[in-house]
Peer 1: 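For reference, the structure I am asking about is given below.
We name chains A, B, ... by the order of the sequence lines, and we start the count at 1 in each one. Not measured: the values here are computed from a predicted model.
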Amino acid sequence: AQTVTQSQPEMSVQEAETVTLSCTYDTSESDYYLFWYKQPPSRQMILVIRQEAYKQQNATENRFSVNFQKAAKSFSLKISDSQLGDAAMYFCAYSGNRDDKIIFGKGTRLHILP
Amino acid sequence: KAGVTQTPRYLIKTRGQQVTLSCSPISGHRSVSWYQQTPGQGLQFLFEYFSETQRNKGNFPGRFSGRQFSNSRSEMNVSTLELGDSALYLCASSLEYGYGDTQYFGPGTRLTVL
């Protein structure tokens, strides 16, 4: 069965600094999708970034980028120039076989220090 | 477009009662998924509906059930409530069924069981 592991339950970063959130996954499939979702305190979960496994190029969205290492089954999220509004719970998620559900990691709570 | 809406936002029930939660997906979205979120267990998948059919189900007891209507709106029902059912219940919609589709989350229903 596929699994998603986020090894850092909590992290802190100084405002304007760069932080990297880790995510590893286990799968025997070759085609799949990976996501990072952000859940701010008391607010709705939103998609941060989406990566298709068959694309070599790492996805980027403004200050957010990923380091996708397919062979290592690693999918880390880098946040550059951290802002107070980046404080949230971040979930890594995997979507593989069409007939299977999306699998979420347990999340990493990110604190931004002013 | 209006986002995913969930009603009610907050609910307090007592053990043994039953509860029905409602989710209205983004217009045009045909897939609805439900998740239970707790501090200890993170996001746990309950079920996914597409075109009024349950396509996937998580590892929850039969007390948890759901359905989807022809307009894609979905309800989930929990019967014989237990203290451990206290959680944030999230609904997410996507355009199509599974595999790579971005999920758009609602604000959640906070259920407290006394």
Peer 1: Would you mind checking which part of A:E52 comes under 4.5 Å of any heavy atom in chain B, side chain (CB onward), backbone (N, CA, C, O), both or neither?
Peer 2: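 Contact with chain B is absent: no heavy atom of A:E52 under 4.5 Å.
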
Peer 1: Which atoms of B:F45 come close to chain A, meaning under 4.5 Å heavy atom to heavy atom: side chain ones, backbone ones, both, or neither?
Peer 2: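 The side chain, not the backbone.
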
Peer 1: Is it the side chain or the backbone of B:Q44 that comes within 4.5 Å of chain A heavy atoms, both, or neither?
Peer 2: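 Neither part; nothing is under 4.5 Å.
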
Peer 1: Indicate yes or no: at least one non-hydrogen side-chain atom of A:M45 is less than 4.5 angstrom from one of A:F91.
Peer 2: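 A side-chain contact exists here, since the closest heavy-atom pair is under 4.5 Å.
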
Peer 1: With a 3.5 Å distance limit and no angle check, can you tell me whether B:T109 reaches the backbone of B:P8 through a side-chain donor-acceptor pair?
Peer 2: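 Yes.
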
Peer 1: Count the heavy-atom pairs under 4.5 Å between each of B:G106, B:G108, B:G58, B:A92 and chain A, then report the option with the highest count.
Peer 2: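 So the answer, after comparing B:G106, B:G108, B:G58, B:A92, is B:G106.
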
Peer 1: Can you classify the ring geometry of B:Y35 versus B:F105 as parallel (below 30°), tilted (30 to 60°) or perpendicular (above 60°)?
Peer 2: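 Correct class here is tilted.
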
Peer 1: Output yes when B:D85 and B:R15 qualify as a salt bridge under the 4.0 Å nitrogen-oxygen rule, no when they do not.
Peer 2: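 No salt bridge links B:D85 with B:R15.
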
